[in-house]
Amino acid sequence: MATRRWHGTSTRGSAARIVSGIGALFAIIEVVYILLIVLGANTANAFVRFMSSIAEPLALFFPGLFPIENYTANVVVNYGLAAVFWLVVAGLLARVLR
């Protein structure tokens, strides 16, 4: 007769997944904002203003880090760095929590 072992999910594993998910969500917000700017979305639109109001605080110190004269390139570089930052930090924290 086979013995079944039930393995529950560990709290540490769940916390790591939550941290990874939050980091991915923050990075997705930054990427959506970058896409809105690159694709030339109407900045008077409520959704674009909403995404801007969320993306700017999440970008932390990255906007203006590399002053590029072209606004679109400036947003891609600086907010793209913020997205990578959130993925790296969340990955490191998730690794510590496991």
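Keep in mind the model is a prediction, meaning the values are calculated, not measured.
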**OP:** Find the distance between CG (Leu97) and CD1 (Ile18) and round it off to the nearest 0.5 Å.
**Re:** 9.5 Å
**OP:** Specify the closest pair of heavy atoms between Ala90 and Gly23, including all atoms of both residues, with the distance to one decimal.
**Re:** CB-CA, 3.5 Å
Original post:
Which heavy atom of Val31 sits nearest a heavy atom of Ala83, and at what distance?
Top reply: CG2-CB, 4.3 Å
Original post:
Residues in side chain to side chain contact (heavy atoms under 4.5 Å, CB included) with Val38, at least two apart?
Top reply: Ile34, Thr72, Val76
Original post:
Does Ser52 have any side chain to side chain donor-acceptor pair (under 3.5 Å) partners at least two apart in sequence or in another chain, and if so, which?
Top reply: Glu56
Original post:
Given the rule that I, L, V, M, F, W and Y join up when any side-chain heavy atoms are under 4.5 Å apart, are Leu39 and Val32 in one cluster?
Top reply: no
**OP:** Determine the minimum heavy-atom distance between Pro63 and Asn78, stating which atoms define it.
**Re:** CA-CB, 3.9 Å
Subject >> Residues that, via side-chain heavy atoms closer than 4.5 angstrom, fall in one hydrophobic cluster with Leu92 >> reply: Val84, Val88
Subject >> Distance in Å, Arg98 CZ paired with Leu93 CG, rounded so as to fall on 0.5 Å steps >> reply: 11.5 Å
Subject >> Phe85: side chain to side chain contact (heavy atoms under 4.5 Å, CB included) partners, not counting sequence neighbours >> reply: Leu60, Phe62, Val89
Subject >> Nearest heavy-atom neighbours spanning Ala24 and Leu87 >> reply: CA-CD2, 4.0 Å
**OP:** Can you tell me which residue pairs pass the ring pair (Phe, Tyr, Trp, His ring centres under 6.0 Å) test with a partner in residues 26-54, sequence neighbours excluded?
**Re:** Phe26-Trp86, Tyr33-Tyr79
Original post:
Considering all heavy atoms of both residues, which atom of Glu30 and which atom of Ala55 are nearest to each other, and what is their separation?
Top reply: OE2-O, 2.9 Å
**OP:** Identify the heavy atoms of Phe66 and Asn74 that sit nearest to each other, and give their distance.
**Re:** O-OD1, 3.4 Å
**OP:** With rounding to the nearest 0.5 Å, note down the distance linking CG in Leu35 to CE in Met51.
**Re:** 9.5 Å
